[in-house]
Undergrad: 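Below is the structure I would like to discuss, written out as structure tokens.
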Amino acid sequence: MDDFGHRPGAALVLGASGGLGLATARMLIERGSHVGLTYFRSAGKLDPLLTLAKERGRRALSWRLDLTDAERAAEVMAQTAAEFGGIHTLVYAAGPHIPMRHLSRITPAEFKSQLIDDASGFFNAAHAALPYLRETGGNIVAVTTAATARFPIRDGLSSGPKAAVEALIRGIAAEEGRFGIRANCVGPGMTTDGMADRLISSGELDQHALDITRANIPLRRFGNAEDIAEAVCFLASDRADFISGQKLDIDGGYGV
């Protein structure tokens, strides 16, 4: 499958060192795209992607990026566009580990910090990317959460800020469509990779909680990073060229 070989420029994956970002970047490379990759701490996790790109005749470059730094976000967008001759897709797959706690146990300072890290961080990147996406008629895909459709108890610290990201995506779709830009979201449900994996490993979700969660999913199983990457790559491809302002939940039916 060569969905992106004809596209000018590259896809820029924000948060490429995380479980979902890694899988998405890998799939983009496999489907013909050059890729820009950002990380916050774990540069070494990107090494397999750099190797894969070389093997596939693609280019891959990485940058360290703290998305709360708007000036640095603008620098990375400019450098990516210059290195690759444009940006055809911006994938937002960044975000820190978020503990699962009841809203009553989250302090206002913690919630404010998460809003800045997530919603404001996404805006910093998207705002800086728009001029380059206008040039290519490109698109944005933001990885958010299925929890904005059906609220899982103790997930407010994630779903609240992600809802703001989804509102921004709809706004970008409405305002930037005249330039040929599309903007969509992918909402992961419970997966065995990424943040869910960290919650399981940390013990925040014990076996009893996992059993209850699985029973609430019509398919009675969890997804994985490839399920999310497949949805992101579909929405970024020409096969979705009349889809904009939408959210595709990859949740095994949890939200029905």
Undergrad: Under a 3.5 Å distance rule, please check whether Thr24 uses its side chain to pair with a backbone N or O of Leu20 as donor and acceptor.
TA: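 Pair found, side chain donor or acceptor close to backbone of Leu20.
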Undergrad: Classify the ring geometry of Phe84 against Trp63: parallel below 30°, tilted from 30° to 60°, perpendicular beyond 60°.
TA: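 Correct class here is perpendicular.
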Undergrad: Between the side chain of Thr136 and the main-chain N/O of Ile87, is any donor-acceptor distance below 3.5 Å?
TA: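 Looks like yes, one N/O pair under 3.5 Å.
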Undergrad: Whether the side chain of Asn139 engages the backbone of Thr89 through a donor-acceptor N/O pair (distance < 3.5 Å, no angle test) should be reported.
TA: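 Looks like no, no N/O pair under 3.5 Å.
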Undergrad: Under 4.0 Å between a side-chain nitrogen and a carboxylate oxygen: does that hold for Arg72 and Asp66?
TA: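 Looking at Arg72 and Asp66, the cut-off is not met.
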Undergrad: For the residue pair Arg31 and Phe4, would you count it as a cation-pi contact if the rule is NZ or CZ under 6.0 angstrom from the ring centre and within 45 degrees of the ring axis?
TA: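 The answer is no, since Arg31 fails at least one limit relative to Phe4.
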Undergrad: Looking at Arg64 and Phe40, would you say the former's side chain and the latter's main chain have a donor-acceptor pair under 3.5 Å?
TA: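 Here the side-chain-to-backbone pair exists.
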Undergrad: Would you call Asp47 and Lys45 a salt bridge, using N to O less than 4.0 angstrom?
TA: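 No.
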Undergrad: Examine distances only and state if a side-chain atom of Arg170 and a backbone atom of Val165 form a donor-acceptor pair shorter than 3.5 Å.
TA: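 No, the answer is negative, given that no donor and acceptor are paired below the 3.5 Å cut-off.
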Undergrad: Indicate if Leu22 and Leu50 have the same hydrophobic cluster label, given that clusters are the connected sets of ILVMFWY residues with side-chain heavy-atom separations under 4.5 angstrom.
TA: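 Yes; Leu50 is reachable from Leu22 via cluster members.
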Undergrad: Is it true that Glu176 and Arg182 have a side-chain N and a carboxylate O under 4.0 angstrom from each other?
TA: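 No, this pair does not count.
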Undergrad: What closest approach, in Å, do Glu166 and Lys247 show between heavy atoms, and which atom pair accounts for it?
TA: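 Where Glu166 meets Lys247 most closely, the heavy atoms are OE2-CE, 3.1 Å.
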Undergrad: Should the pair Asp238-Arg7 be classified as a salt bridge under the 4.0 Å nitrogen-to-oxygen rule?
TA: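 Result for this pair is yes, salt bridge flagged.
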